[in-house]
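Residue numbers begin at 1 in each chain, while the letters A, B, ... track the order of the sequences. Keep in mind that the numbers below use all heavy atoms, side chains included, and drop hydrogens, waters and symmetry copies. This structure is a prediction, so every number in the text was calculated from the model and none was measured.
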Amino acid sequence: MDLGNSQAVQLYEKMLLIRRFEEQSGRLYMQGKINGFLHLYIGEEAIAVGAISSLRDDDYIITHYRDHGHALARGVHPNLIMAELMGKVTGTSGGKGGSMHIFDVSKGFMGGHAIVGGQMPLAAGLALAIKYRGEDRAVLCVFGDGAVNEGSFHETMNLASLWKLPIIFLLENNLYGMGTHIERTRAGGKDIYLNADAYKIPAAQIDGMDVVAVRDSFTEALERIRAGEGPVFLEAMTYRFVGHSLQDPQSYRESAEVDQWRIRDPIDTFREASFVDGLLDDGQITRIGERVDAAISEAIAFAEQSDEPGPEALFENVEG
Amino acid sequence: MDLGNSQAVQLYEKMLLIRRFEEQSGRLYMQGKINGFLHLYIGEEAIAVGAISSLRDDDYIITHYRDHGHALARGVHPNLIMAELMGKVTGTSGGKGGSMHIFDVSKGFMGGHAIVGGQMPLAAGLALAIKYRGEDRAVLCVFGDGAVNEGSFHETMNLASLWKLPIIFLLENNLYGMGTHIERTRAGGKDIYLNADAYKIPAAQIDGMDVVAVRDSFTEALERIRAGEGPVFLEAMTYRFVGHSLQDPQSYRESAEVDQWRIRDPIDTFREASFVDGLLDDGQITRIGERVDAAISEAIAFAEQSDEPGPEALFENVEG
Amino acid sequence: MGEITLRDAVTRGLTEALDTDERVFLMGEDIGSYQGPYAVTKGLLEKYGHERIKDTPISEGVVVGAAVGAAMAGLRPIVEIMTINFLLLAMDMVVNHAAKLRYMSNGQIQVPMVIRTVTGGGAQLGATHSQSLEGWFASVPGLKVAAPSDPYDALGLLRTAIADEDPVIFAEHARLYQVRGDVPDDYYAIPFGQAKVKRAGDDVTLVAYSRGVHTALEAAAILEKKGVDAEVIDLRTLRPLDTATVLASVEKTNRVIVVDEAWRSGGFGAEVASMIQENAFDSLDGPVGRVAGLEVPAPYNGTLEASALPDASQIVSTIEDIFGI
Amino acid sequence: MGEITLRDAVTRGLTEALDTDERVFLMGEDIGSYQGPYAVTKGLLEKYGHERIKDTPISEGVVVGAAVGAAMAGLRPIVEIMTINFLLLAMDMVVNHAAKLRYMSNGQIQVPMVIRTVTGGGAQLGATHSQSLEGWFASVPGLKVAAPSDPYDALGLLRTAIADEDPVIFAEHARLYQVRGDVPDDYYAIPFGQAKVKRAGDDVTLVAYSRGVHTALEAAAILEKKGVDAEVIDLRTLRPLDTATVLASVEKTNRVIVVDEAWRSGGFGAEVASMIQENAFDSLDGPVGRVAGLEVPAPYNGTLEASALPDASQIVSTIEDIFGI
Ligand SMILES: Cc1ncc(C[n+]2csc(CCOP(=O)(O)OP(=O)(O)O)c2C)c(N)n1
Ligand SMILES: Cc1ncc(C[n+]2csc(CCOP(=O)(O)OP(=O)(O)O)c2C)c(N)n1
Ligand SMILES: [Mg+2]
Ligand SMILES: [Mg+2]
């Protein structure tokens with residue numbers, strides 16, 4: 001792998017942080033400490049980490065409800081996210097947003113959007129603002145294979161290309177929208193990147209289980225975007241190892257299919273490859289694991305010890 | 001031209017009927033006898049006539065607000081359409097629909113829809129009903145180049161192909177949506193049929209100024225559709241010789257452009273070609289002109305002599 | 001006769017319609033292989049197959065629109081829109097197509113279809129997923145809106161909805177699926193526009209629908225202890241609205257509170273309150289009171305969210321404030 | 001000071017904002033090379049160029065959504081949606097995005113944008129093109145809704161709308177563009193939530209907005225001849241709603257009629273009527289009356305359509321019916 005040692009550490013640590021965060025979130029949900037809907041990112045970590053590690057600090061990120069991974073990859077503090085999941089006043093939105101609506105504008109993290117496809121038109125607007133001001137920033141717009149069938153996808157792709165907006169469209173194709181397989185929802189089949197051609201947007205399909213491949217594709221795409229040449233579309237093939245949400249009985253897929261994909265676990269494979277390439281040694285791997293565990297424990301403790309918002313919060317920030 | 005004499009008469013007569021009907025509608029609008037919005041089909045007659053002459057009586061047609069041409073081509077009586085335009089009780093909708101909302105269910109003419117792109121999802125439903133019942137009927141769904149950028153286009157194209165619905169998508173590409181040229185609204189440019197591939201729908205671009213070419217493409221497409229192979233997409237290139245509606249100052253286009261297209265007037269060119277090929281002679285042409293003029297005069301007289309709906313009509317047909 | 005949940009009552013209504021009317025089919029996101037997001041359609045795919053239990057892409061616009069088209073062609077589609085919040089993506093199809101086609105075609109076209117959808121808040125789903133928008137649909141001529149509060153009504157109203165010749169919005173409250181109640185084995189149906197007196201009383205009328213009925217009944221129990229005898233009316237359908245039952249009650253009690261989970265301003269409660277004072281002004285001892293959702297997007301935090309939704313104690317205190325009882 | 005049309009007042013407000021605030025740009029269908037479907041943006045493309053006067057594809061969803069995104073990033077987009085009926089295609093962007101983002105982000109995000117749109121019926125455009133849906137938006141926390149009735153208010157409210165930190169629906173009535181009125185040369189702005197007494201009177205209060213104000217003024221002229229002195233209140237903004245001005249008037253006149261072009265059931269008039277009787281019950285001589293749109297989709301035929309819209313004679317006869325004056 002074409003990677004420095006410190007980069008390997010960073011990529012691995014971020015992915016592991018997301019994995020452990022999600023595992024603990026799931027556990028806390030079962031304990032009733034997190035409520036509402038909870039969508040975990042387990043299995044897809046390489047995408048958020050590969051993509052976001054290639055961005056600049058002044059780029060925007062906007063994503064769907066399965067958003068913890070992207071927020072963590074962006075460096076939104078785990079304490080704040082966990083507190084939000086638990087509805088605490090210290091959370092990213094003071095407990096008023098919840099898991100599906102994580103925002104940290106100080107990090108250019110523009111949400112967490114729970115309406116399938118809803119973030120896409122907003123991404124066009126963020127990018128329009130960049131272009132209007134003549135800046136070379138970019139917008140990362142994340143969405144799932146299910147969102148592709150919404151009208152908002154079509155309208156956004158057209159506008160973004162027509163106006164040459166600086167957006168990188170990142171499709172997380174995990175083959176399912178909730179419990180329905182993409183072959184049963186999309187006439188064009190599972191190779192969605194082919195559709196970008198209809199909008200004259202350059203596109204590629206990439207391996208979403210390979211963090212380095214994701215990162216490299218992004219680096220290249222961003223050059224084009226910053227040069228003012230308009231949007232790029234990247235389809236990362238992936239799989240969610242767990243249910244759609246914590247409510248999901250997963251009756252729609254065979255466990256053999258899940259097992260097959262688990263073999264390609266993005267964290268295990270990256271750790272092993274890095275080890276083989278001499279980028280990570282046993283000591284580092286242990287220390288990273290310890291750091292991540294400490295960060296998660298801290299996040300949980302922070303969240304649990306935080307207060308709920310007081311009644312005065314109810315009417316705050318309805319209007320400006 | 002591969003055409004019989006009686007077919008030539010029919011095609012010519014229908015096109016002329018539409019042309020004269022529209023000319024008179026425009027005149028009546030200026031006189032204040034027709035109100036609201038009025039969108040004329042002048043210049044595009046070959047499409048409706050070519051397409052609809054290839055349909056069976058039990059096929060459905062659904063179209064946009066620029067609908068007089070399709071209704072006339074389908075054989076909806078000019079009297080009823082003209083009465084509707086004048087808001088009379090004898091009109092297709094008893095004067096309650098108006099120009100943009102012409103319906104004649106007895107002829108499978110399912111409207112006249114004034115929301116851009118709105119007819120497309122309905123077309124999918126009509127076709128779904130056909131398929132559900134195992135029939136070999138087809139749905140003709142007409143829309144403009146402007147409608148292609150609505151989310152409803154995308155959602156409908158996907159569903160139609162996914163479920164192999166018996167729809168013939170007929171795009172009337174007259175290069176403008178109101179006053180905005182397609183190159184300024186569509187990233188993919190003016191060859192819209194290329195987009196059908198993204199949905200795995202077979203598609204072709206056809207000459208919308210040539211009634212026989214339209215008819216032939218339709219005949220072929222319908223075979224496929226009736227065989228249960230799913231939708232077909234045909235893009236007919238055309239031009240409206242007049243404004244978008246009677247309100248349109250047409251400041252957005254050069255008269256030279258209009259003149260250029262007027263050279264290819266679908267009625268004149270068909271008449272001349274038919275004359276050269278011996279399919280229409282001077283006598284026939286004169287008689288057709290007379291018949292058409294008589295039909296239009298009758299329609300206007302019928303409409304003018306008809307009553308307005310009485311007050312009791314107001315609350316009729318709100319609910320079943 | 002047996003006690004079943006509201007969920008099962010809806011499932012029974014769907015099954016029965018699928019069994020007895022070939023024109024009926026179901027369409028919606030994840031109603032098939034996922035077994036239904038709220039498990040209402042559980043087992044139906046296995047029983048009726050893909051032709052009649054149609055999983056759709058995530059495309060609310062064309063899902064509703066295709067149902068409209070199928071209804072235009074004589075079928076009787078039943079669409080599931082996962083929650084009423086997502087109907088915002090199909091507003092044009094509902095309001096400008098389904099509701100208008102009969103009128104614009106002067107009766108040539110009918111649109112007999114049902115849109116089942118989940119309404120209401122209180123499940124900590126956040127602002128985008130917790131709205132009660134049924135009142136908007138109830139203001140549109142050409143639409144009908146039903147919102148049952150118990151299993152008996154759910155089945156009886158669903159039967160009427162499916163048999164109706166017009167588009168019906170059938171709003172199932174997310175937090176009522178587990179409500180249990182007796183449902184007869186024999187066939188019955190509940191005509192639209194007939195409210196039900198859930199509890200008779202002489203002192204004050206509580207008008208509600210859907211989950212609000214339970215809140216009102218809770219309040220009635222508290223009021224009873226205070227010696228106040230409340231009458232609770234379940235509207236059952238918002239459009240058509242049974243004004244007669246409401247007005248008869250108000251003429252008896254002279255006091256009325258409307259309970260509504262939607263935001264207070266412009267919620268359906270506003271219509272009910274206006275209608276009552278227009279028609280029974282002289283019978284009223286005081287203004288028609290409204291207990292409704294507070295005017296904030298739904299917060300995720302459970303305590304905050306609960307504080308924004310109407311509850312029994314608010315009903316009791318509103319009665320105290322207005323009528324001094 | 002000069003007399004200009006409401007159309008020109010809006011154009012002036014747009015021009016001024018474009019001149020003074022670089023963050024302002026316009027976006028909409030046919031606002032540029034077509035010169036605006038209602039000619040409000042005439043000449044602006046030539047003056048400001050494509051970067052600031054953006055013709056868009058016919059895609060209401062992304063047009064509104066992109067404005068939301070641009071506002072999130074600190075610009076001040078002004079969107080034109082050709083008519084309020086087409087906003088049905090962007091409901092999700094307005095209601096579930098623009099209105100929610102500030103709250104869900106706990107104030108991290110602001111969405112300062114204006115959606116200008118044309119509302120109302122009476123132009124024989126048929127059922128799909130003639131609705132008055134502003135009341136729905138006025139029920140959503142996080143949105144603001146302005147609906148001017150004359151050029152002075154149009155400019156004053158538009159200035160406030162553009163300066164506001166939240167999404168504003170700015171509803172221009174299709175049949176008011178030609179209304180003329182004096183507009184000062186000097187700068188002024190009209191704060192939201194301040195109704196205006198258009199005509200003072202002691203006997204009955206007529207509450208209206210947008211075109212309804214003109215209908216109410218016509219009625220007041222008729223009433224005057226009958227010896228009835230009507231006070232006419234123009235709400236100017238529906239959200240926030242100036243309850244104080246309305247209630248003060250009702251306390252003086254003891255009689256009130258709400259005029260609303262939307263369908264009566266669940267129209268904005270329902271909210272106003274409910275609010276009044278809740279707060280001024282003891283001042284009322286009789287019920288709050290409503291004169292509103294009849295509950296039918298708009299018919300094309302002009303006579304029929306006119307009969308479905310509120311007019312002055314209905315106001316007069318409603319006052320007679322309720323108050324016997
Ligand atoms: C407009 C809308 N429709 C439906 C839903 C319910 N829903 C939430 S997530 C989801 C599946 C989305 O699938 P995909 O885009 O592939 O993302 P993934 O969950 O696989 O990451 C659905 C249908 C929603 N939130 N919004
Ligand atoms: C949803 C919606 N947006 C905008 C309009 C206003 N409008 C009416 S026709 C039209 C142009 C449509 O162009 P196209 O589809 O190319 O059809 P054409 O008029 O050229 O036949 C527009 C923007 C509308 N009726 N519906
Ligand atoms: Mg997916
Ligand atoms: Mg066109």
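- One distance of note links CD of A:E316 with CG of C:L304; it measures 9.5 Å at 0.5 Å rounding.
- No donor-acceptor distance shorter than 3.5 angstrom exists from the side chain of C:N301 to the backbone of A:G95, with no hydrogens or angles considered.
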Practice problem: Start with the C-alpha gap between A:K96 and C:E305, add the side-chain angles, then the distance that decides, and say whether side-chain contact (heavy atoms from CB on, under 4.5 Å) holds. | Solution: CA-CA 9 Å; A:K96 284 154 72 171; C:E305 188 186 22; over 6 Å; no
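- Of all residues in residues 302-312 of chain A, those placing a non-hydrogen atom less than 4.5 angstrom from a non-hydrogen atom of chain C are A:E308, A:P309, A:G310, A:P311.
- With values rounded to the nearest 0.5 angstrom, C:T128 atom OG1 is found 3.0 Å from A:H101 atom NE2.
- Residue C:Q124 holds its CD atom at 12.0 Å from CZ of A:F37, rounded to the nearest 0.5 Å.
- Between C:T83 atom OG1 and A:I115 atom CD1 the span is 6.5 Å, to the nearest 0.5 Å.
- Interface summary for chain A: among C:E295, C:E29, C:Q35, C:H129, the most heavy-atom pairs under 4.5 angstrom belong to C:H129.
- Using a 4.5 Å cut-off between heavy atoms, C:T56 touches chain A through its backbone atoms (N, CA, C, O) alone.
- Among residues 41-55 of chain C, the residues having any heavy atom closer than 4.5 Å to a heavy atom of chain A are, in sequence order, C:H50, C:D55.
- Between the C:Y34 side chain and the A:G177 main chain, no donor and acceptor come within less than 3.5 Å of each other.
- Environment of CD in A:E254: sparse, with no more than 12 heavy atoms of neighbouring residues, nucleotides or ligands closer than 6.0 Å.
- Neither the backbone nor the side chain of A:L38 has a heavy atom closer than 4.5 Å to any heavy atom of chain C.
- Sparse packing is recorded around CD of A:Q260, with 12 or fewer heavy atoms of other residues, nucleotides or ligands lying under 6.0 Å away.
- The closest side-chain donor-acceptor pair between C:S33 and A:R184 falls under 3.5 angstrom.
- The shortest side-chain heavy-atom distance between C:L294 and A:F315 falls under the 4.5 Å cut-off.
- Side chain of C:Y300 to main chain of A:N35: a donor-acceptor pair is present (N/O by atom type, distance under 3.5 Å, no hydrogens or angles).
- C:L88 does not touch chain A: none of its heavy atoms, backbone or side chain, sits under 4.5 Å away.
- In this structure, chain A has heavy atoms under 4.5 Å from both the backbone and the side chain of C:E60.
- Most heavy-atom pairs under 4.5 Å with chain C, from the set A:V318, A:V116, A:D248: that is A:D248.
- Between the CE atom in A:M100 and the CG atom in C:L125 there is a gap of 5.5 Å [rounded to 0.5 Å].
- A donor atom on one side chain and an acceptor atom on the other are not found under 3.5 Å apart for A:N149 and C:S59.
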